[in-house]
Amino acid sequence: MPRGISLTEFQKGQAIAYINDGKTILEITGILKISKSAISEFLKNPDAHGKREKTGRPRKLTPKEQRNLLRQLKKRGASIPTAQRESGLTHITRQIAFNYGQSKQFQFKRNGNII
């Protein structure tokens, strides 16, 4: 779901200037052509505007765990269960380890060829 409009630095400055001049939020929305909720949320807490943390399910593996798994998979003849065991990732399934190994983002290249 969208997080709503994020004000530019110029719009933030204008909104603060108009509030200091004594204008109401409705007057500011008419001038800046921005929704009332966007202006009022910004004015409630200007420092935190646009810095909301992302929501959703966390990743199964941390970047360090990904590197360890891929390092083990890179070894010649390493099977997925062996790579899991040697990298200490017994909490993930074989399918997750396989998916990380097959991901194009993590494929290894040597002399332009994928290995």
Side-chain angles (χ1 to χ4, degrees):
M1 237 175 112
R3 294 179 187 268
I5 190 167
S6 183
L7 303 177
T8 64
E9 292 299 320
F10 183 70
Q11 290 170 331
K12 291 176 186 179
Q14 284 183 315
I16 291 172
Y18 287 135
I19 282 292
N20 291 339
D21 286 343
K23 295 198 181 294
T24 65
I25 291 177
L26 286 177
E27 291 173 329
I28 296 171
T29 59
I31 296 169
L32 298 179
K33 306 289 191 251
I34 298 172
S35 69
K36 181 179 82 168
S37 61
I39 297 290
S40 64
E41 286 299 317
F42 165 70
L43 292 173
K44 283 180 190 174
N45 193 356
D47 296 331
H49 180 74
K51 297 179 184 173
R52 194 177 305 166
E53 288 186 25
K54 293 182 179 180
T55 61
R57 183 178 180 166
R59 294 193 166 269
K60 291 276 189 181
L61 298 177
T62 64
K64 184 178 181 181
E65 291 173 334
Q66 288 176 4
R67 287 191 305 271
N68 288 339
L69 176 63
L70 294 170
R71 190 174 298 123
Q72 295 300 323
L73 288 173
K74 188 177 175 183
K75 291 181 179 178
R76 296 252 183 233
S79 65
I80 290 176
T82 304
Q84 280 180 278
R85 191 172 44 256
E86 291 190 14
S87 59
L89 300 175
T90 55
H91 65 280
I92 62 169
T93 63
R94 294 175 80 195
Q95 186 63 46
I96 291 170
F98 177 78
N99 291 344
Y100 274 102
Q102 295 297 316
S103 174
K104 288 185 178 185
Q105 179 182 359
F106 298 113
Q107 287 182 344
F108 299 99
K109 293 185 179 182
R110 184 180 296 156
N111 299 331
N113 298 325
I114 296 176
I115 56 172

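Under a hydrophobic-cluster definition in which Ile, Leu, Val, Met, Phe, Trp and Tyr are linked whenever side-chain heavy atoms come within less than 4.5 Å, directly or via other members, I34 and I31 are assigned to the same cluster.
The two residues E65 and K60 make their nearest non-hydrogen contact at OE1-O, 3.9 Å.
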For residues 12-23, which side-chain donor-acceptor pairs fall under 3.5 Å, sequence neighbours excluded?
from, atom 1, to, atom 2, distance (Å)
K12, NZ, E9, OE2, 3.4
N20, ND2, I16, O, 3.3

Which side-chain N or O atoms in residues 39-48 pair as donor and acceptor under 3.5 Å with protein atoms at least two apart or in another chain?
from, atom 1, to, atom 2, distance (Å)
S40, OG, K36, O, 3.1
S40, OG, S37, O, 3.2
E41, OE2, K44, NZ, 3.2

